[in-house]
Structure formats: structure tokens, C-alpha cells
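Data block below; observations after.
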Amino acid sequence: MLTLKQIRENSEEVIRRLKVKNFDAEEIVGRILATDERRRAIQTETDSKQSELNRRSKEIGALFKEKKIDEANAAREAVARLKEEIKTLHNELHETEEKLNELLVTLPNVPHPSVPPGNSDEDNVIVREGGEIPGLPGEALPHWDLGKKHALIDFDLGNKLTGAGFPVFTGQGARLVRALISFFLDEAVRAGYREVLPPLMVNEASAYATGQLPDKEGQMYQLSTDPYYLIPTAEVPVTNIYRDVILDAEELPVKNTAYTPCFRREAGSYGKDVRGLNRVHQFDKVEIVQIQHPDRSYDTLEEMVKHVEGLVQKLELPYRIVQLCGGDLSFTSALTYDFEVYAAAQKKWLEVSSVSNFESYQANRMKLRFREKGSKKTRLAHTLNGSALALPRIIAALLENNQTPEGIRIPAALVPYTGFEMIS
RNA sequence: GGAGAAAUGGCAGAGUGGUCGAAUGCGGCGGUCUUGAAAACCGUUGUCCGCUUACCGGCGGACCGGGGGUUCGAAUCCCUCUUUCUCCGCCA
């Protein structure tokens, strides 16, 4: 969430920039400022009363020690009312703090000044394109047909075992999944990321810290037996490693990578673009996460984009990088680049990665700070993450684009991992 | 799942109702000594909030696993939750 300082000192700017996200913050910001003022007034009063009580308690203790029992008892009665007042103020303070927090979490992150205005993905800006779109013959098959033809992906079986959106990979298909995971992890480790294998379920505090709660509660699978959520992305556990942590500035940037399955309910998205692997409830993804000094976080964002770009290039996929417009930007992000690859049989661009800078929005929620050498003050760090990469749509594009009369060609970079050059 | 024990600062560990944000040791930081380093010695060393301050800082409040309670006063007593350890059971 945004810091109170940010809102207090730049309220006009916050309101103005949130308009780029099509978010009208005017009223909420007003209420936040009023509630904050009230909170501080109550705290000042509580503190001074508490200070008095503390002082008197010490006096009473001293009186008892001097055996002045009557005086001590009189003093005890005298503080009774003070205690009542403090109790009332305390409750009020608590309520006000809670209310303030409830208001704060409804404010999305402020977009970076470079974010273009817009309402939907149609207003996103193409930053860069690369690779070549293959010319396929008219009878080219979409990946769901290829998956069936070569016994790589079984959607019906997944439906039997679990339900729609839980595909089963088989044979060379399963092997391709494993190869991609290993390839992506190796590339990340080569780029200096530490490999992490986190839990696939997280508690409420973790889901809250990265912003899944309360904003996207309906998108996560929740257990009914324990208060845990199935992770929608490795971002959640991996970023939360640093919840309530104070780092030394020299430790930055902190770079972690993790492969995990991801679980998403995808409530509200049906019909459009959900065929085959285009949208599923469980999928595999390698995520890269960085914690960086605020002065350098945008350089880091570029570095991460470059990393992801290197991956799609090695996979020889036609791609484009788009900067999300305000309306398409997620609740917690300040700036996001999406990667899309072209699936030549479907003739569709498929989103395979999302690389974002959250600035201090997540860090503030999870109290992730760092300290400059020699300084006593702590500052909020910046958090960033990106998919590197999400598998299903990569597989869709690989299968579709590389189909030949002899079978499906595996890009050279992947062959050491698959152990075969051709699916046939 | 059952029984017992425990949770204190970066770490180890003392503290069982007041003068305790907390002894001591280690670690960290600054210094003395040294050509340099080590050792030794001296000093310093948590976080958050509020008020104040041009700045250094000052004052007040909170925090000894989380939440609640008893008391004029709680690290210390009580309740509750969580976690860890030991034993038993189950188990890949």
C-alpha cells in the first residue's frame, strides 16, 4: 500500500496519477487524511495520559516502600479514573488505526509517470518486437489438436481427474514441460538468481503482503480445512521471505528465482481465449523476484526485461514487449511490461510474462526495509518480479510454430534438456 | 493425534510483580595501540508511533512469540492461540 507520508505530502499528485489507472481517489484520500489526523490526535492524548499514569505508578510504589500505606491507597484511588480514560482512548485508537488501514488497502499503487493512459489492453504500447512469424501451411493445426495427435496433452483426462483447466501432460509432452522448467531455472541461476523451492500454500499474512488479499481473494483457491491459499504465483511465497526483514543496503539487489505450479480460479473468464492451454487453472511457471534500492529499481526492471527477452529469443519465438496502459495495470504495480509470443496456428498473441516494478507498495505492506551503511534510518525497499516464463502458452506457441510434416521441431537451446530434437 | 517442556535484543543466555528496553558473553560499529593486521583495552550498538526540531537531536508512548485479562504497576501472574523441542502413536 501507499505510505501515509506519500499521501500526506503529495495528495494532489497521488489523486492525479491514480486517474491514469482510471481510479478516482479523491474521496478516499480525503477520508484517509482525516482519519490519520484523528489517529494522531488520539495518540498524542493517549500518550500524555499514559505518561502520567506511569509517573503516578512509580510514586505509589515508592510510597509502599516507605510504608506510607494510607497515602499509597489514596493515590491508588486517584488514578482509577485516569485508567478508565486511557482504556477508552486505547480502544478508540485501535478502531481508528483499523479504519485507516482498511482505507489504505483500497488504494492501488500509483503508476509510474511514463505509464500511458488507457482503458484496456488495446491501449497498451508496443515497446519492441523480435523474432519471425513463421509462414505455416493452411492445414496447420492449433496446439490442442497437435497435443492430441502426438499424445502430448490430454485435456479430457484432466477433466476426468479434476476438472476443466487441469490438463495432463504425457510422454514427450511431459518431458517438454520438465525441459522448459530446467532450462528457465538454469538461465535464471546463470543470471545470478538464487534458486528457491517454496511452499505451494501460503497463509493469510503472506497473501495480504503481496496484495492478493484483499483485492483478488476470488482468484485464489482457498483450503476449507486450514486457513491457507494455493499460490497463484511464486511471487507470493518468494517475496514474503523478506516480510518483516531489514536488509543492509550492500545486500541489494536480492535476486531469487523459483519454479512452482500456479493455481488460479480465473473466475469470470469464460468463453473467450480459453481453449487448450490458453487459459488453465493449474500451470507451471518460473518466476524471478528482486528486491532493490529505490534509486536503482527501474534499471533492474530493464535488466529483468532483458533476461526474459533472452529466453524467448533462445526459444526462437516471435515476440513483442508491451507496456501496459493505466487501465490494464494491476492493482499493485507501478509499471508493467508484458511479453507476448505469437502462436501461428491460432494467429494470436499470447501473454507469457509480466514484468513489474511495485516500488514500495508491497514493501510497505510487508515491512520490507533496508538500511544504508552508517545510517540509523530504515527505508522501504522496492520489489520487482517477472515470469521467466509461464509454460503453457510457451508450449502452445512452440508446438504451433514449429510444426512440420515430419513432426514438431524443438529449438536448439532446449534439445539438451528434452533429449530429442523432434516430436513425432 | 496424546503427554510434557519451552518461546527474551543479530546470536547465545540471565531475569518470577516496581528503580527492566532488559545483566552478561559473542557478534557489529567507532576509537586507542600497531608499518598493517591480530590480541588487548575504551566507547557504542533494536524497532515502531506521536510531539518537537532548519539540522544534530530532544521529550513522550508502545513492543520480552500473537491476542486478551488481573494489578496503581507485568518480561515476570492468569486465559487463549501459534510455534519449537522431548516422549508415545501414525507415516512417505
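The chains referred to below are lettered A, B, ... by the order of the sequence lines, with proteins before strands, and numbering in each begins at 1.
- For Ile246(A), taking side-chain heavy atoms from C-beta onward, the closest of the listed nucleotides rU47(B), rG69(B), rC51(B) is rU47(B).
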Within the sub-3.5 Å range, which N or O atoms of nucleotides 74-76 of chain B have a protein N or O partner, and how far apart are they?
none

Original post:
Starting at the 5' end of RNA chain B, what dot-bracket string do you get if Watson-Crick and G-U pairs under 3.5 Å are bracketed, crossing pairs use [ ], other-strand pairs use | and unpaired bases use dots?
Top reply: ((((((((.[[[..)..(.....]]]((((((.......))))))(((((((....))))))).[[[[[..)....]]]]])))))))....
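- If you take atom P in rA14(B) and the same atom in rC77(B), they sit 15 Å apart, rounded to whole Å.
- In this structure a side-chain-to-backbone donor-acceptor pair under 3.5 Å is missing from Ser387(A) to Ala390(A).
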Please list every donor-acceptor pair under 3.5 Å in which a side-chain atom of residues 324-334 of chain A meets a protein atom from a residue at least two apart or in another chain.
unit_1: Asp328(A); atom_1: OD2; unit_2: Asn124(A); atom_2: ND2; d: 3.0
unit_1: Ser330(A); atom_1: OG; unit_2: Ser333(A); atom_2: N; d: 3.4
unit_1: Ser333(A); atom_1: OG; unit_2: Leu335(A); atom_2: N; d: 3.2
unit_1: Ser333(A); atom_1: OG; unit_2: Leu335(A); atom_2: O; d: 3.3
unit_1: Ser333(A); atom_1: OG; unit_2: Thr336(A); atom_2: OG1; d: 2.6

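- Within 6.0 Å of CD on Glu77(A) lie no more than 12 heavy atoms contributed by other residues, nucleotides or ligands.
- One interatomic measurement links the two molecules: CG of Asp244(A) to P of rG66(B), which rounds to 12 Å at whole-angstrom precision.
- In this structure, of rG73(B), rG68(B), rC51(B), it is rG68(B) that holds the atom nearest to the side chain of His94(A).
- Here side-chain hydrogen bond (donor to acceptor under 3.5 Å, both in side chains) pairs that include residues 83-107 of chain A, with residues two or more places apart or in two chains, are Asn101(A)-Tyr208(A).
- Applying the ring-ring contact (aromatic ring centres under 6.0 Å, His included) criterion to Tyr298(A), with sequence neighbours excluded, gives His112(A).
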Listing time: all N or O pairs from protein to nucleotides 57-61 of chain B that are below 3.5 Å?
unit_1: rG60(B); atom_1: O3'; unit_2: Ser51(A); atom_2: OG; d: 3.2
unit_1: rG60(B); atom_1: N2; unit_2: Asp47(A); atom_2: OD2; d: 2.8
unit_1: rG61(B); atom_1: OP1; unit_2: Asn54(A); atom_2: ND2; d: 3.2
unit_1: rG61(B); atom_1: O2'; unit_2: Asp47(A); atom_2: OD1; d: 3.1

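- The ring-ring contact (aromatic ring centres under 6.0 Å, His included) test applied to Phe166(A) returns His281(A), not counting sequence neighbours.
- Here the separation of rG61(B) from rG21(B), taken at their C1' atoms, is 13 Å to the nearest Å.
- Between rC59(B) and rC81(B), the two C1' atoms lie 37 Å apart (nearest whole Å).
- Distances shown here put a side-chain N or O of Arg369(A) below 4.0 Å from the OP1 or OP2 atom of rC48(B).
- One finds no salt bridge joining Arg296(A) and Asp299(A) here, because no Lys/Arg side-chain nitrogen approaches an Asp/Glu carboxylate oxygen to under 4.0 Å.
- If Ala80(A) and Asp36(A) are placed on RNA chain B by their nearest nucleotide, the residue sitting closer to the 5' end is Asp36(A).
- His293(A) and Phe370(A) have tilted rings, their planes meeting at an angle from 30° to 60° on a 0 to 90° scale.
- Residue contacts shown for Arg371(A) are limited to sugar-phosphate atoms, with no base heavy atom under 4.0 Å away.
- Between rG65(B) and rU53(B), the distance separating the two P atoms is 37 Å to the nearest Å.
- Atoms CZ (Arg39(A)) and P (rC51(B)) sit 8 Å apart, rounded to a whole Å.
- Exactly one residue among Asn402(A), Leu176(A), Leu398(A) makes a side chain to side chain contact (heavy atoms under 4.5 Å, CB included) with Ile410(A). That residue is Leu176(A).
- Close to rU52(B), at under 4.0 Å from its OP1 or OP2, lies no side-chain N or O of Thr44(A).
- Within the structure, the salt bridge (charged side-chain N to carboxylate O under 4.0 Å, His left out) test picks out the following pairs touching residues 184-203 of chain A (sequence neighbours left out): Glu187(A)-Arg190(A), Glu187(A)-Lys314(A).
- For the C1' atoms, the distance linking rG31(B) with rA39(B) amounts to 16 Å, nearest Å.
- Salt bridge annotation for Asp145(A)-Lys149(A): absent, with no cationic side-chain nitrogen under 4.0 angstrom from a carboxylate oxygen.
- Under the ring-ring contact (aromatic ring centres under 6.0 Å, His included) criterion, Tyr417(A) pairs with Phe183(A), not counting sequence neighbours.
- Considering only residues two or more places apart in sequence or on other chains, Phe155(A) meets the ring-ring contact (aromatic ring centres under 6.0 Å, His included) condition with none of them.
- When the C1' atom of rC48(B) is taken as reference, atom CE of Met366(A) falls 18 Å away, rounded to whole Å.
- Sparse packing is recorded around CE of Met201(A), with 12 or fewer heavy atoms of other residues, nucleotides or ligands lying under 6.0 Å away.
- Rounding to whole angstrom units, CG of residue Asn364(A) and P of rC48(B) are separated by 12 Å.
- When each of Arg40(A) and Lys377(A) is assigned the nucleotide of RNA chain B bearing its nearest heavy atom, the one mapping closer to the 5' terminus is Arg40(A).
- Rounded to whole Å, atom P of rG28(B) lies 14 Å from atom CD of Glu250(A).
- Straight-line distance from the CD atom of Glu37(A) to the C1' atom of rG50(B): 14 Å, rounded to whole Å.
- For Arg8(A), the side-chain atoms get nearest to rG50(B) when compared with the rest of rG73(B), rG50(B), rC48(B).
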Using the 3.5 Å cut-off, write out each protein N or O paired with an N or O of nucleotides 18-22 of chain B and the distance between them.
unit_1: rG18(B); atom_1: N2; unit_2: Ser57(A); atom_2: O; d: 2.7
unit_1: rU19(B); atom_1: O4; unit_2: Lys65(A); atom_2: NZ; d: 2.6

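- Between the CG atom of Asp248(A) and the C1' atom of rC29(B) there is a distance of 12 Å, given to the nearest Å.
- Salt bridge annotation for Arg409(A)-Glu316(A): present, with a cationic side-chain nitrogen under 4.0 angstrom from a carboxylate oxygen.
- Here the P atom of nucleotide rG46(B) and the NZ atom of Lys367(A) are 21 Å apart, to the nearest Å.
- The list of salt bridge (charged side-chain N to carboxylate O under 4.0 Å, His left out) pairs with a residue in residues 13-29 of chain A, not counting sequence neighbours, reads Glu13(A)-Arg17(A), Glu27(A)-Arg31(A).
- The separation of rA62(B) from rA6(B), taken at their C1' atoms, amounts to 26 Å, rounded to a whole angstrom.
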